[in-house]
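What follows is a set of notes on a single structure, which appears directly below.
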Amino acid sequence: MPRTDYDVVIAGGGMVGASLALSLYGHSKGDLRVLVVEGFPLPPVAESGVPAYRPSFDARSTALSFGSQQIYQTLGVWPLLQEHLSTIAKVHVSDRGHFGSVLMTAESQGWEALGYVVENMWLGNVLLNHLRQHSNIEFLSPAKVSAIHVGDGYATLSLQEGESQRDITTQLVAVADGAESGLRNQLGIAATVADYHQLAVIANVATEQPHKGYAYERFTERGPLALLPLVDDGSGQSRSALVWTFPEAMADEVMAWSDEAFLAELQRNFGYRLGRLQKVGQRASFPLQLMQAEEQVRRQVVVMGNAAHSLHPVAGQGFNLALRDADSLSRLLAKAHSERRALGDLNLLQRYLASQEVDQRLTTAFSDQLTGIFSNRQPVLSVVRNLGLLLLDVTPAAKSRFVARAAGIMPGSSAESL
């Protein structure tokens with residue numbers, strides 16, 4: 001096995017890349033040489049050594065499943081992370097204009113929470129803070145991997161830092177540079193794309209009444225919407241994170257609505273479960289697709305995160321699936337390293353993929369089918385759908401399995417017994 005500069009190089013230092021680096025460190029007990037390459041500049045180190053939390057009404061956020069909490073707890077990240085996140089105690093699923101609904105609670109599962117919602121900036125700062133504490137994890141930023149050349153037992157990467165360029169070698173490169181991955185395309189790895197012909201609008205919404213840990217999934221005639229609980233902003237205002245889907249033909253119209261018109265339409269579709277909707281923050285939109293890389297592993301290469309699979313955001317499954325992938329890969333690589341096995345060996349990487357195949361397939365199908373079922377407004381299907389919601393609500397075993405799937409708990413996992 002040739003000597004390389006690094007054991008693993010992670011191309012992309014976002015939330016998935018940073019989590020993968022921490023997971024590699026944790027499961028190998030610091031024995032792996034890891035480099036993270038990120039194109040954006042690093043935020044400065046806080047004098048206190050603890051990342052600063054600066055609440056913003058317009059902050060973007062991520063829903064963490066109960067399974068993701070367990071992973072971050074194992075990595076030692078959770079105690080700091082939980083200082084500024086909101087707990088999802090209950091999830092209410094409903095279909096506007098119809099009788100069916102389901103209420104899912106953490107209490108009924110015997111869990112502390114169904115999930116959590118954290119601002120992306122806080123999550124990123126916490127992960128980076130932990131990375132900086134580990135000397136054998138290097139974080140190179142701003143920089144990028146401009147090319148990958150696979151050799152016999154190693155890969156050579158071209159690193160670009162400003163005007164300078166140099167080559168490094170690694171046993172394994174993890175491509176985690178996002179859904180529009182330039183490195184994935186450069187490697188000739190094709191992606192299968194299913195266009196939902198929908199637009200996602202995201203924003204934060206201030207509400208008259210506190211959310212009390214409720215998350216809402218509501219299906220409207222235009223598309224599904226989700227309201228997730230957030231920590232109060234700096235002024236003590238209760239707020240929730242909105243993801244609302246529309247037909248792509250409405251893209252220009254929706255983004256042209258005034259804040260008042262947007263809130264009025266949202267109030268009409270969501271109702272008064274949180275009282276009057278008082279304020280909407282800066283809105284952003286993006287087209288929705290289900291994207292899956294046709295190859296996730298090659299000799300010396302593994303594709304991770306949104307570069308591997310990008311899901312519909314309403315079900316909140318994408319990042320949590322990527323985190324489970326990272327945890328599974330890290331455990332396998334740490335064990336292989338302790339046995340002095342080559343980390344880029346194709347058979348080893350195929351074992352990782354096989355271990356995650358069921359989770360990836362079920363999670364992708366769960367997200368895709370949930371979106372398809374509740375985006376279809378045909379009258380007959382609406383009746384069947386709402387009967388299904390009613391049946392789910394009165395069938396504890398079925399509801400428990402549904403909640404476990406949404407929370408990222410695979411059947412037979414140890415977390416099921418928590």
Side-chain angles (χ1 to χ4, degrees), residues 15 19 22-23 26-27 50-51 53 55 59 61-93 101-120 122-127 129-130 207 209-217 226-232 238-241 243 273-274 314-324 326-328 359 362-363 366 392-393 395-418:
M15 297 189 301
S19 297
L22 284 175
S23 193
H27 292 307
V50 177
Y53 174 65
S61 56
T62 293
L64 299 177
S65 69
F66 179 75
S68 293
Q69 185 267 344
Q70 300 296 297
I71 291 173
Y72 280 140
Q73 185 76 53
T74 300
L75 296 178
V77 174
W78 192 251
L80 181 59
L81 194 60
Q82 68 179 344
E83 291 182 9
H84 302 292
L85 51 71
S86 183
T87 297
I88 300 176
K90 300 179 181 181
V91 177
H92 185 263
V93 183
S101 67
V102 177
L103 179 64
M104 296 171 280
T105 69
E107 183 180 11
S108 66
Q109 295 291 116
W111 299 345
E112 294 181 2
L114 293 176
Y116 307 85
V117 186
V118 61
E119 291 170 55
N120 289 354
W122 175 242
L123 174 57
N125 285 345
V126 168
L127 294 175
N129 180 71
H130 276 71
T207 59
Q209 299 174 10
H211 51 65
K212 298 181 180 179
Y214 267 82
Y216 297 92
E217 295 271 0
L227 271 174
L228 305 177
L230 288 170
V231 294
D232 293 349
S238 181
R239 59 189 180 135
S240 293
V243 182
R273 293 167 179 80
L274 295 174
V314 168
Q317 298 290 310
F319 177 74
N320 297 289
L321 174 60
L323 189 58
R324 296 196 296 274
D327 182 68
S328 177
D359 188 10
L362 291 179
T363 301
F366 178 84
L392 184 64
D393 201 38
T395 310
K399 186 193 289 191
S400 181
R401 287 193 296 271
F402 182 89
V403 172
R405 179 68 263 164
I409 305 300
M410 288 295 292
S413 69
S414 59
E416 277 196 305
S417 61
L418 294 176

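Considering CG of Leu323 and OG of Ser328, their distance stands at 11.5 Å, rounded to 0.5 Å. Note that CG of Asp359 is 9.0 Å distant from CD of Gln317, once rounded to the nearest 0.5 Å. For the atom pair CZ of Phe319 and OG of Ser19, the computed distance is 4.0 Å after rounding to the nearest 0.5 Å. The structure places CG of Asp327 at 11.0 Å from CD of Gln70, a figure rounded to the nearest 0.5 Å. Interatomic distance, Leu230 CG to Ser61 OG, rounded to the nearest 0.5 Å: 4.5 Å.
Looking at heavy atoms from C-beta onward, Leu81 lies in side-chain contact with Leu64 at the 4.5 angstrom threshold. Here the side chains of Leu228 and Ser240 are not in contact, with every heavy-atom distance at 4.5 Å or above. Proximity of Leu274 to His211: side-chain heavy atoms (C-beta onward) are separated by under 4.5 Å at one or more points. Looking at Gln209 and Ser238, their side chains never come closer than 4.5 Å, going by heavy atoms from C-beta outward. Side-chain contact between Val77 and Leu22 is present, with heavy atoms from C-beta onward closer than 4.5 Å.
Side chain of Asn320 to main chain of Ser65: a donor-acceptor pair is present (N/O by atom type, distance under 3.5 Å, no hydrogens or angles).
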* Report the C-alpha separation of His130 and Leu75 in whole Å, then their side-chain angles, then the decisive distance to 0.1 Å, and conclude whether the side-chain contact (heavy atoms from CB on, under 4.5 Å) test is met. => CA-CA 10 Å; His130 276 71; Leu75 296 178; over 6 Å; no
* **Check against side-chain contact (heavy atoms from CB on, under 4.5 Å), Met15 and Asn120** => CA-CA 8 Å; Met15 297 189 301; Asn120 289 354; 4.0 Å; yes
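Nearest heavy-atom pair across Glu119 and Ala59 is OE1-CB, 3.1 Å. The minimum heavy-atom distance linking Ile88 with Pro229 is given by the pair CG1-CG, 3.9 Å.
Under the side-chain hydrogen bond (donor to acceptor under 3.5 Å, both in side chains) criterion, the residue pairs touching residues 73-86 are Gln69-Gln73, Trp78-Gln82, with sequence neighbours excluded.
A search for side-chain contact (heavy atoms from CB on, under 4.5 Å) contacts involving Ala113 returns Thr87, Tyr116, not counting sequence neighbours. Under the side-chain hydrogen bond (donor to acceptor under 3.5 Å, both in side chains) criterion, Asp232 pairs with no residue at all, not counting sequence neighbours. For Tyr216, the ring-ring contact (aromatic ring centres under 6.0 Å, His included) partners are Tyr214, Phe270, not counting sequence neighbours. Applying the side-chain contact (heavy atoms from CB on, under 4.5 Å) rule to Ala326 yields the partners Leu20, Met304; only residues at least two apart in sequence or on another chain are considered.
Using a 4.0 Å cut-off between charged side-chain N and carboxylate O, Glu217 and Lys90 make no salt bridge.
In this model, a donor atom of one side chain and an acceptor atom of the other lie less than 3.5 Å apart for Thr363 and Arg324.
Checked options Leu127, Leu80, Val126; the residue passing with Tyr72 is Leu127 (criterion: side-chain contact (heavy atoms from CB on, under 4.5 Å)).
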